[in-house]
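To start, the structure itself, in structure tokens.
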Amino acid sequence: METLSKQVQEKKTTAAVKVSGAEAVLKCLLEEGADLAYGYPGGAIMPVYDEIYKYREKFHHVLTRHEQGAIHAAQGFARVTGKPGVVFATSGPGATNLVTGIADAQIDSTPLVCITGQVASHLLGSDAFQETDIIGISTPVTKWNYQITKASEIPEVMAKAFYIAKSGRPGPVLIDITKDAQFGELDFEYQKCEKIRSYRAIPKFDIEKIKEAAELINAAKKPLIVWGQGVIIGGAEEEFKSFIEKTDIPSASTVLGLSALETSHPLNVGMVGMHGNYAPNVLTNSCDVLIAIGMRFDDRVTGNLQTYAKQAKVIHFEIDPAEVDKNVETDVAVLGTVKQTLVEIMQYVKKSDHKIWMQEFDKLLQIEKDQVINDQLNPTKPGLTMGEVLGGINKETNGDAVIVSDVGQHQMFACRYADFIKTRSNVTSGGLGTMGFALPASIGAKMGVPNREVVAIIGDGGYQMTCNELGTILQTKAAVKIVVLNNSYLGMVRQWQELFFDKRYASTEMVSPDFVKLAGAYDIEAQRVSKREDLAEAIKTMMASKEAYFLEVIIEQEDNVFPMIPTGASVSDIRLS
Amino acid sequence: MEVIKNFTFSVYTENNVGILNRLSAIFLKRHINIESMSVSKSEIEHVHRFTFVVNISEVLARKVAGQLEKQIEVIRAFYHTQDEIIYNETALFKISTEHLNDEKLQKKFKFRRAHILTITESFFVIEASGTKENIDKMYRKLKPYGLLQFVRSGRIAITRPKMEISQLLAEIN
């Protein structure tokens, strides 16, 4: 920590107070405005928990039922607020139980500060009880991590952790603190970190690139925008809307970009990717300029790279230089925060009109409506569809709810059919695809935005991965609305088995317990719906509840998500059935 | 078809614990075999320099440099082709003393940068430095004499083009 020491010596803002390392952790969190954490105590983090007890008037801790629940809850909180989620866990199994959530947060650029206890420093490397090398384990999936072995390091490292977690492209940070460092004493002083010499949170801005991009945009006849979560992370929703409205460019979202622009906006042409909308996927291979804004050309978005937008000039607005040319070669890379670069480019782009080009989207949208969407939203077949459940939720919430989805078919239905009118309303596990994410994430999301409705959409498979977190709801009274779409299958895998493995349903049929009784055991009001005529009323009852509510919807067993780009296929080869 | 070439990476980092793990993980993730690696202090106080040697395509080298540079404690990561660097590797060859007076052997290690480092009753040690090819050649020549031990260092390299680390650090600070 040599580099930080100098800065701290130069700028001291708080008078030194002698405290324990454990207390310093709490003081640091409060200095950073973090007064809520999720976690699970254990031997190696007990000194910190003792301080949490002492600070209980100022600092709120949520005891989850598993460390995975804690970290997903922190992710939910971070995604709806933009602030780092804080997690505590003990050493060994406590720390390793965080790893899935850390990896999820890393790939989805979610700011987290994870604090794990560690065995005393003299025991490090001795295979002591509950010792694991969590620094080694978490290195590939954290933005930064650090092991503290001396109490005196705590303020500097914590300040650095918060700065790294939330600046630039956000991400998870893990701080591992040995037990002796928690017990040790230090003269506590705190200075927020504002700079690390080796870390450039935001790359250098280049006006020439802005001009080059504007030239291409102004000359384009068939431009297409694909935006991602960078718009939300950068808080650039208004700038983004002004940009697309001035340039009149049809714009499509990635899964994580959803809700940055309201669903009903006339230039919002839907979602790209494997289960995205027909028009933006097909027309990716017809556009003359492809403008990627705050997205990273994930393979689920691009399909086969050899055939992806080869005809188009590609402009990439991106904060992370390592993402430029990583998957798709760009013609112009505009580095910086989307908020800054979109403001700058507005001076150089001309007001345009792309109505004729837009008509091509409308034509394809009509095809998708006729062949897929209408059947999903207004089905005539006997079984309930996932699409109509989402349609029912839209009707009751008017698109104003935070939709937290788990992973699988229901996730894609949620992303395709949920209406969004506000930003930060779509919380889902995008890059890692972590089943079990939604229930705990919805708890965190509700705590982040307590005045908003939070609806978790979960499959019967993912629900059973973390349904122990109903206990957290019981204890915290988090008023989340849980909708389990039960098709008695691991639906997405079953769909692939149907389409690509000759219907050999290997280990995807799932027998579940009585979910309504299970919710009842946790004192959560619940009901089950299996008939279409009962659905609307059930959703109405759920949304009218002021408390947590569980709704199980028995849906058609072998419903499939279409459109679909099979793995390795081109985006323009998207299948409608 | 992308051409696979020999690239030397120079990575300037803060002098903090654990960075090696982070850097090596980037090569590991892409299944790139590290041919050689060395770490040392650099010309700048508190700044360390890692030198990695790998055989990959230039496109991949550019991506790897980007990923390396993305790490919080990495100040800059450069990659160089063979003709952009002046480099050195060192090797030690331990041979039984019975061959010490073998004239043929003496001729074999008498190249520009090889000398006997030590002689004992049972063995002697030749130290050689040079390019990878020089060391490989020397190895092939000495192997028939029964190498008791052989070890070679990672590459260290100085670049012909200017690397403006000090200037960059001055800008940052």
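The figures here come from the full heavy-atom set of this structure, side chains too, leaving out hydrogens, waters and symmetry mates.
The neighbour count for Glu133(B) CD, taken as heavy atoms of other residues, nucleotides or ligands under 6.0 Å away, is above 12. Within a 6.0 Å sphere centred on NZ of Lys166(A), other residues, nucleotides and ligands contribute more than 12 heavy atoms. For Lys326(A), the NZ atom counts as densely surrounded, since its 6.0 Å shell holds more than 12 non-hydrogen atoms of other residues, nucleotides or ligands. More than 12 heavy atoms of other shown residues, nucleotides or ligands fall within 6.0 angstrom of atom NZ in Lys310(A). Heavy-atom contacts from other residues, nucleotides or ligands closer than 6.0 Å to NZ of Lys94(B) number more than 12.
Contact annotation for Asn145(A): both backbone and side-chain heavy atoms come within less than 4.5 Å of a heavy atom of chain B. In this structure, chain B has no heavy atom under 4.5 Å from any part of Gln147(A). For a residue to count as touching a neighbouring chain, one of its non-hydrogen atoms must lie under 4.5 Å from one of that chain's; by this rule Ile164(A) touches chain B with the side chain only.
The shortest distance between side-chain heavy atoms of Arg197(A) and His46(B) falls below 4.5 Å. Counting heavy atoms from C-beta on, the side chains of Glu73(B) and Ile196(A) never come closer than 4.5 Å.
Rounding to the nearest 0.5 Å gives a distance of 11.5 Å between CG of Asn15(B) and OG of Ser198(A). Once rounded to the nearest 0.5 Å, the distance linking OH of Tyr199(A) with NZ of Lys70(B) reads 10.5 Å.
Judged by distance alone, the side chain of Arg22(B) and the main-chain N or O of Thr139(A) form a donor-acceptor pair under 3.5 Å.
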Problem set entry | Verdict with supporting geometry, Val324(A) and Arg62(B), side chain to side chain contact (heavy atoms under 4.5 Å, CB included) | CA-CA 11 Å; Val324(A) 173; Arg62(B) 192 169 65 239; over 6 Å; no

Problem set entry | side chain to side chain contact (heavy atoms under 4.5 Å, CB included) between Ile72(B) and Arg200(A), worked out | CA-CA 8 Å; Ile72(B) 300 292; Arg200(A) 288 168 299 286; over 6 Å; no

For this session: Please test Lys63(B) against Asp325(A) for salt bridge (Lys or Arg N to Asp or Glu O under 4.0 Å), starting from the C-alpha separation and ending with a verdict.
Result: CA-CA 8 Å; Lys63(B) 290 178 185 179; Asp325(A) 295 336; over 6 Å; no

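Residue Gly66(B) comes nearest to Ala322(A) through the heavy atom pair O-CB, 3.6 Å, listed as atom of the first residue, atom of the second, then distance.
Side-chain N/O atoms of Trp144(A) and Gln71(B) include no donor and acceptor closer than 3.5 Å.
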